[in-house]
Amino acid sequence: MWQRDTVFHRLRNYSFPSQTGRVVGQKDLKGGLYVTSFFYTACPQDCAQRNSQLTRVQEKFRFEPRVRLISYTVNPTQDSVAVLERYAERYGAIAGKWFFLTGDKNQLNRLLTEEYRLPAPVGEAPSIQHSQQLFLVDRNHRVRGIYDGTKAREIDRLITEISVLLYTYDHNDEPRA
């Protein structure tokens with residue numbers, strides 16, 4: 001049975017400081033696709049497991065400049081640019097390929113809840129809610145898929161769907177927004 005491609009909503013523009021101190025926004029990701037995650041550096045297990053899976057994605061597409069990874073901290077008070085730089089090194093993040101972003105807590109919360117449509121923080125939580133979900137975003141800044149970042153099988157599906165999108169970009173004359 002033929003299944004229609006999934007296309008969710010389009011993300012608005014944003015920009016946040018990365019682990020190098022350089023401000024990164026959607027204009028820096030033009031022409032490619034990216035995988036988004038939400039984490040915090042002191043996360044005991046989930047985030048480490050998810051980032052290990054993202055390392056697989058980075059390695060698979062190491063030489064494909066159109067594929068990037070974007071990881072937003074949900075605890076910007078603790079996760080400064082310097083902290084993110086050390087954290088990125090721990091996972092072997094390739095400069096210009098995998099960005100760890102921080103910024104204003106309210107802006108990050110808006111991004112998480114309004115753009116990625118994740119649940120808002122409950123009560124007086126010390127940090128923004130984080131999620132084990134990964135989001136595949138296409139070159140037109142539309143969410144194309146949502147995956148459980150802690151499951152190897154879901155990462156395999158993500159890698160396959162990235163490959164399909166890249167093939168489509170190479171072989172179709174899909175208009176860019």
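For the numbers below, each heavy atom of this structure counts, side chains included, while hydrogens, waters and symmetry mates do not. Numbers here are sequence positions counted from 1.
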- [ ] Over all heavy atoms of both residues, which pair between Ile94 and Gln58 is shortest? Give the atoms and the distance, please.
- [x] N-OE1, 2.8 Å
Task: Distance-minimising heavy-atom pair for Thr20 and Val81 - done: C-CG1, 4.2 Å
Open item on the list: Quick check: closest heavy atoms across Tyr14 and Val24, and the distance to 0.1 Å?
Closed with: CE1-O, 4.0 Å
TODO: Drop me the distance from Arg153's CZ to Leu158's CG, to the nearest 0.5 angstrom.
DONE: 15.0 Å
Task: Atom of Ala48, atom of Tyr91 and distance for their closest heavy-atom approach - done: CA-OH, 3.1 Å
- [ ] For the residue pair Gln49 and Gln132, establish whether any side-chain heavy-atom pair is separated by less than 4.5 Å.
- [x] no
Open item on the list: With a 6.0 Å cut-off (strictly less than), is the heavy-atom count around CZ of Arg56, excluding the residue itself, greater than 12?
Closed with: yes
TODO: I would like to know whether Glu115 and Arg110 meet salt bridge (Lys or Arg N to Asp or Glu O under 4.0 Å); could you show each step before the answer?
DONE: CA-CA 7 Å; Glu115 297 299 318; Arg110 254 190 316 281; over 6 Å; no
TODO: Applying side chain to side chain contact (heavy atoms under 4.5 Å, CB included), run through Ile155 and Leu134 and close with a yes or a no.
DONE: CA-CA 9 Å; Ile155 300 305; Leu134 302 176; 3.4 Å; yes
Open item on the list: So which atom in Arg10 and which in Arg142 form the shortest heavy-atom distance, rounded to 0.1 Å?
Closed with: CB-NH1, 3.6 Å
TODO: Find the distance between CG (Leu33) and CD1 (Ile162) and round it off to the nearest 0.5 Å.
DONE: 6.0 Å
Open item on the list: Would the distance check show the side chain of Lys97 and the main-chain N or O of Phe63 forming a donor-acceptor pair, the cut-off being under 3.5 Å?
Closed with: no
Open item on the list: More than 12 heavy atoms of other residues, nucleotides or ligands under 6.0 Å from NZ of Lys60: yes or no?
Closed with: no
Task: Ionic contact status for Arg22 with Asp28, cut-off 4.0 Å - done: yes
Task: Shared hydrophobic cluster, Leu29 / Leu108 (ILVMFWY, side-chain heavy atoms < 4.5 Å) - done: yes
Open item on the list: Does any part of the side chain of Gln133, heavy atoms only, come nearer than 4.5 Å to the side chain of Ile146, both counted from C-beta?
Closed with: yes
Open item on the list: Quick one, Phe16 with Val23, criterion side chain to side chain contact (heavy atoms under 4.5 Å, CB included). Give me CA distance, side-chain angles, the key distance, then yes/no.
Closed with: CA-CA 5 Å; Phe16 292 100; Val23 174; over 6 Å; no
- [ ] Look only at the side chain of Gln19 and the backbone of Leu101, and say whether a donor-acceptor pair between them is shorter than 3.5 Å.
- [x] no
Open item on the list: Just checking Phe39 against Tyr72, ring centres under 6.0 Å apart?
Closed with: no
Task: Under-4.0 Å salt bridge between Lys151 and Asp148 - done: yes
Open item on the list: Could you check whether any side-chain N or O of Asp79 sits under 3.5 Å from a backbone N or O of Thr41, counting only pairs where one atom can act as donor and the other as acceptor?
Closed with: yes
- [ ] Look at atom CZ of Arg90 and say whether more than 12 heavy atoms of other residues, nucleotides or ligands are closer to it than 6.0 Å.
- [x] yes
Task: Backbone N/O of Ala42 and side chain of Tyr87: donor-acceptor pair under 3.5 Å - done: no
Open item on the list: Can you tell whether the side chains of Arg86 and Glu89 come within less than 4.0 Å, N to carboxylate O?
Closed with: no
Task: Test item: Asn51 side-chain N/O and Cys47 main-chain N/O as donor-acceptor pair under 3.5 Å - done: yes
Open item on the list: Using modelled atom types and a 3.5 Å cut-off, is there a donor and acceptor pairing between side-chain atoms of Arg66 and backbone atoms of Gly31?
Closed with: no
TODO: Take Phe99 and Arg68, measure what side chain to side chain contact (heavy atoms under 4.5 Å, CB included) needs, and give me the verdict at the end.
DONE: CA-CA 8 Å; Phe99 300 96; Arg68 301 222 180 87; 3.6 Å; yes
Open item on the list: Whether the side chain of Gln26 engages the backbone of His141 through a donor-acceptor N/O pair (distance < 3.5 Å, no angle test) should be reported.
Closed with: no
Task: Side-chain touch Leu136/Val143, heavy atoms, less than 4.5 angstrom - done: no
- [ ] Might you work through the side chain to side chain contact (heavy atoms under 4.5 Å, CB included) test for Val67 and Leu166, ending with a clear yes or no?
- [x] CA-CA 9 Å; Val67 177; Leu166 291 172; 3.8 Å; yes
Task: Exercise: identify the closest heavy-atom pair between Ser71 and Ser37 - done: OG-OG, 2.8 Å
- [ ] Indicate yes or no: at least one non-hydrogen side-chain atom of Tyr169 is less than 4.5 angstrom from one of Arg139.
- [x] yes
- [ ] Under the ring pair (Phe, Tyr, Trp, His ring centres under 6.0 Å) rule, what do Phe38 and Tyr116 come out as? Steps first, then yes or no, please.
- [x] CA-CA 10 Å; Phe38 297 92; Tyr116 287 95; 5.3 Å; yes
Open item on the list: Could you check whether any side-chain N or O of Ser80 sits under 3.5 Å from a backbone N or O of Pro76, counting only pairs where one atom can act as donor and the other as acceptor?
Closed with: no
